[in-house]
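Just so it is clear, the values below take in all heavy atoms, side chains as well, and ignore hydrogens, waters and symmetry mates.
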Amino acid sequence: MSAAEHEVVICGAGASGLSAAAMLRKRGVESLIVEKSDRIAPSWRGRYDGLRLNTLGWMSRLPGLAPGWGPREFPSREAYIDYLERYAEHHRLRIQFDTEVSRLDREQGLWRLETSRGPLRSRFAVVATGYELVPKLPDVPGIESYTGELIHSSRFRSAAEFSGRDVLVVSAGVTGSEVAFFLAEAGAARVRVAVRTPPNILRRCRFGIPLNPVGPVLNRLPSAIGDRVTALSQRMIFGDLSDYGLSRPPKGVLSSLRERRIGPIIDDGFVEAVKAGRIEIVPALEAFDERDVILAGGERIRPDAVIAATGYERGLENLVGHLDVIGEHGEPQAINGATHKNAPGLFFVGYVVTLGGHLRGIRLESKKVARTLAKQRASAGKE
C-alpha cells in the first residue's frame with residue numbers, strides 16, 4: 001500500500017473509535033484513527049461542569065483496560081476523559097488529529113476518504129463520529145429573529161454563569177432536566193422548563209442503591225412488558241406528578257427508546273426540585289417574537305436566557321448519505337458488526353441505543369466489528 005493507503009481508517013477519536021481500534025489491534029489488525037479536533041474525546045471536553053456518567057463505575061469501561069474508579073461511583077466528565085486518554089496510550093493507538101473527514105466513497109475495491117488534509121484510502125472503514133454530533137435547535141417560528149439570549153445546551157458550560165437570572169430550559173429530557181437542576185442549585189432567580197412531551201423518569205439511586213444495573217435486564221423484555229414494569233416503578237418512587245405539570249408520558253420507557261430514540265431521565269434531584277417549586281414546568285415552546293417567548297396556549301414570557309436542550313442529530317448525511325446506508329432517525333441501517341450490502345467493508349460503532357448504557361453498547365459493538373472485520377480480511381487474503 002502507498003503512504004495514503006491503510007488497512008483500516010476509523011473516523012472519530014471518541015470512545016467508539018478508540019474501542020474499535022483497540023479491539024482490532026487485539027486481533028492483529030492495525031488501524032489509523034482520524035479526528036477533526038486536536039484532542040481525544042472533543043465532545044466530552046465541551047460538556048458542562050458537574051456532568052457525570054449515568055452508569056456505575058463497573059459498567060463505565062471500554063474493553064481492554066480497567067478504568068480505576070470505584071465500582072459504585074458515577075464517573076465525572078473529567079475522570080472519563082482521563083480514562084480515554086489512558087486507554088489510547090495503553091493500546092498504543094495511532095491517531096491523526098486535525099483531520100476532518102467529509103465524505104466516504106467506494107473506489108476500485110477500496111474506501112476513499114476525503115479529508116481536510118487530503119484523501120486517504122483503506123480496505124476497511126469504521127465510522128465512529130458520535131451519536132450526539134450536530135446540535136439541533138427547536139424548529140419553531142421566529143427563532144431567527146429572536147433578540148434575546150438563546151443557546152443550545154451544547155454551549156452550556158457552568159450553571160454559576162446564570163446565577164440570579166431568569167432562565168427557560170426547552171425540553172425536560174436527559175440533558176434539560178439535569179441543566180435545570182444545576183441552574184436551580186446554582187442560584188438562578190427563576191428556572192422554568194418548557195415541556196411538550198412529558199418524560200419517563202427513572203431514579204439514579206433508591207435508598208442509596210444504584211438502579212441502573214437493571215437496565216440490561218429491562219432491555220431484554222418486550223416493549224409492552226418493560227413499559228408496564230417501569231411505569232409501576234415510576235409511580236411508586238415519584239407518585240403522581242401531573243399536578244406539577246408532568247403528566248404520564250404517552251409512551252413507556254422501552255417504547256419511547258426503541259421507537260423514538262428518546263431515553264428516560266435519570267433523576268438525581270430534578271423531581272424533588274420541581275415538587276419544591278424551585279423548577280417550574282410550563283407549556284411547550286411554540287414560537288419566538290422578537291424579545292418574547294410564546295408558550296403553548298399563548299402565554300408570553302421574557303426570560304433572561306433560553307437554553308435549548310433539544311437534542312442532536314447523527315450528522316451522517318454528508319459523510320455516507322449518498323451510499324444509501326442510513327435509515328430512520330439518521331442512523332446506520334447496519335450495526336452490531338454487520339455491513340450493508342451497498343457498502344462492503346464499512347462498519348459503524350456507537351449508534352446502538354439501549355437501556356444497558358451507551359458504553360456497554362460500544363464495548364459489545366467494537367468486539368463484533370473487530371471479529372467480523374478480521375474474518376473478512378483473512379478471507380480476502382486467501383483469495
For the residue pair Pro249 and Thr197, establish whether any side-chain heavy-atom pair is separated by less than 4.5 Å. no

If we only count heavy atoms from C-beta on, is the Phe348 to Val325 side-chain gap below 4.5 Å? yes

For Ser60 and Thr55, test the side chains for any donor-to-acceptor distance below 3.5 angstrom and give the result as yes or no. yes

Sorted by chain and number, sequence neighbours left out, salt bridge (charged side-chain N to carboxylate O under 4.0 Å, His left out) with Glu290 holds for none

With no hydrogens and no angle check, is any side-chain donor or acceptor of Glu365 less than 3.5 Å from a backbone partner on Gly350? yes

Side-chain donor or acceptor of Arg106 paired with backbone N/O of Leu323 under 3.5 Å: no

Side-chain donor-acceptor pair present, Ser158, Glu161, cut-off under 3.5 Å: no

Any side-chain heavy atom of Val9 sitting closer than 4.5 Å to one from Val34? yes

Judged by atom type as modelled, is there a donor-acceptor pair below 3.5 Å linking the side chain of His358 to the main-chain atoms of Tyr131? no

Please give me the minimum heavy-atom distance between Leu295 and Glu286, naming the atom from each residue. C-CG, 3.7 Å

Does any donor atom in the side chain of Tyr48 or Glu178 lie under 3.5 Å from an acceptor atom in the other side chain? yes

Arg291, Arg302, Arg165, Arg155 screened by salt bridge (charged side-chain N to carboxylate O under 4.0 Å, His left out) with Glu149, the one that passes: Arg165

On a heavy-atom basis, the closest approach of Gly263 and Leu257 is CA-CD1, 3.7 Å

Backbone N/O of Leu104 and side chain of His322: donor-acceptor pair under 3.5 Å: yes

Passes ring pair (Phe, Tyr, Trp, His ring centres under 6.0 Å), Phe124 versus Trp111? Steps please. CA-CA 7 Å; Phe124 301 94; Trp111 283 102; 9.9 Å; no

Once the angle between the rings of Tyr80 and Tyr83 is folded into 0 to 90°, is it parallel (under 30°), tilted (30 to 60°) or perpendicular (over 60°)? tilted

Using a strict threshold of under 4.0 Å (side-chain N to carboxylate O), is an ion pair present between Asp267 and Arg203? yes

Verify whether one side chain among Ser43 and Tyr312 offers a donor that lies under 3.5 Å from an acceptor in the other. no

Please determine if Glu7 and Arg377 form a salt bridge, counting it only when a charged side-chain N lies under 4.0 Å from a carboxylate O. yes

Are any side-chain N or O atoms of His329 and backbone N or O atoms of Glu259, one a donor and one an acceptor, separated by less than 3.5 Å? yes

Between Glu89 and Arg94, does any NZ, NE, NH1 or NH2 come within less than 4.0 Å of an OD or OE carboxylate oxygen? no

Are any of the side-chain nitrogens in Arg117 or Asp98 under 4.0 Å away from the carboxylate oxygens of its partner? no

Is Leu168 close to Val282 at the side-chain level, that is, under 4.5 Å between some pair of heavy atoms? yes

Flag side-chain contact, heavy atom, 4.5 Å: Leu316 against Val127: yes

Would you check if the side chain of Ser177 reaches a backbone N or O of Gly173 as a donor-acceptor pair within less than 3.5 Å? yes

Answer yes or no: is there a donor N or O on one side and an acceptor on the other, between the side chain of Arg103 and the main chain of Leu113, under 3.5 Å? no

So the ring pair (Phe, Tyr, Trp, His ring centres under 6.0 Å) pairs with at least one residue in residues 258-297 (sequence neighbours excluded) are Tyr146-Phe288

Just wondering, more than 12 heavy atoms not from Arg248 lying within 6.0 Å of its CZ? no

For Asp324 and Gln333, which heavy atoms make the closest approach, and how far apart are they? O-OE1, 3.9 Å

Side-chain donor/acceptor of Glu100 to backbone N/O of Ser116, under 3.5 Å: no

Side-chain donor-acceptor pair present, Ser242, Ser247, cut-off under 3.5 Å: no

Is Arg278 salt-bridged to Glu185, going by a charged N under 4.0 Å from an acidic O? yes

With Arg39 as the cation and Phe97 as the aromatic partner, state whether NZ or CZ is under 6.0 Å from the six-membered ring centre and within 45° of the axis. no

Salt bridge present between Glu331 and Arg261 (N-O < 4.0 angstrom): yes

Donor-acceptor contact present, side-chain Tyr87 to main-chain Arg61, <3.5 Å: no

Is Lys251 paired with Asp227 through a side-chain N to carboxylate O contact shorter than 4.0 Å? no

Test side chain to side chain contact (heavy atoms under 4.5 Å, CB included) on Glu280 and Tyr244; report intermediate values, then the result. CA-CA 8 Å; Glu280 304 170 51; Tyr244 302 96; over 6 Å; no

Pairs under 3.5 angstrom only: tabulate donor-acceptor contacts from the side chains of residues 10-17 to other protein residues two or more places apart or in another chain.
none

Polar side-chain atom of Asp304 near backbone of Asp166 as donor-acceptor pair, under 3.5 Å: yes

Given side chains that start at C-beta, do those of Pro264 and Thr230 come closer than 4.5 Å, heavy atoms only? no

Donor-acceptor side-chain pairing of Ser31 and Arg25 below 3.5 angstrom: no

Strictly below 4.0 Å, N to O, side chains only: are Arg47 and Glu132 in salt-bridge contact? yes

Can Gln376 and Ser379 be said to form a side-chain hydrogen bond (donor to acceptor under 3.5 Å, both in side chains), step by step? CA-CA 5 Å; Gln376 292 185 4; Ser379 177; over 6 Å; no

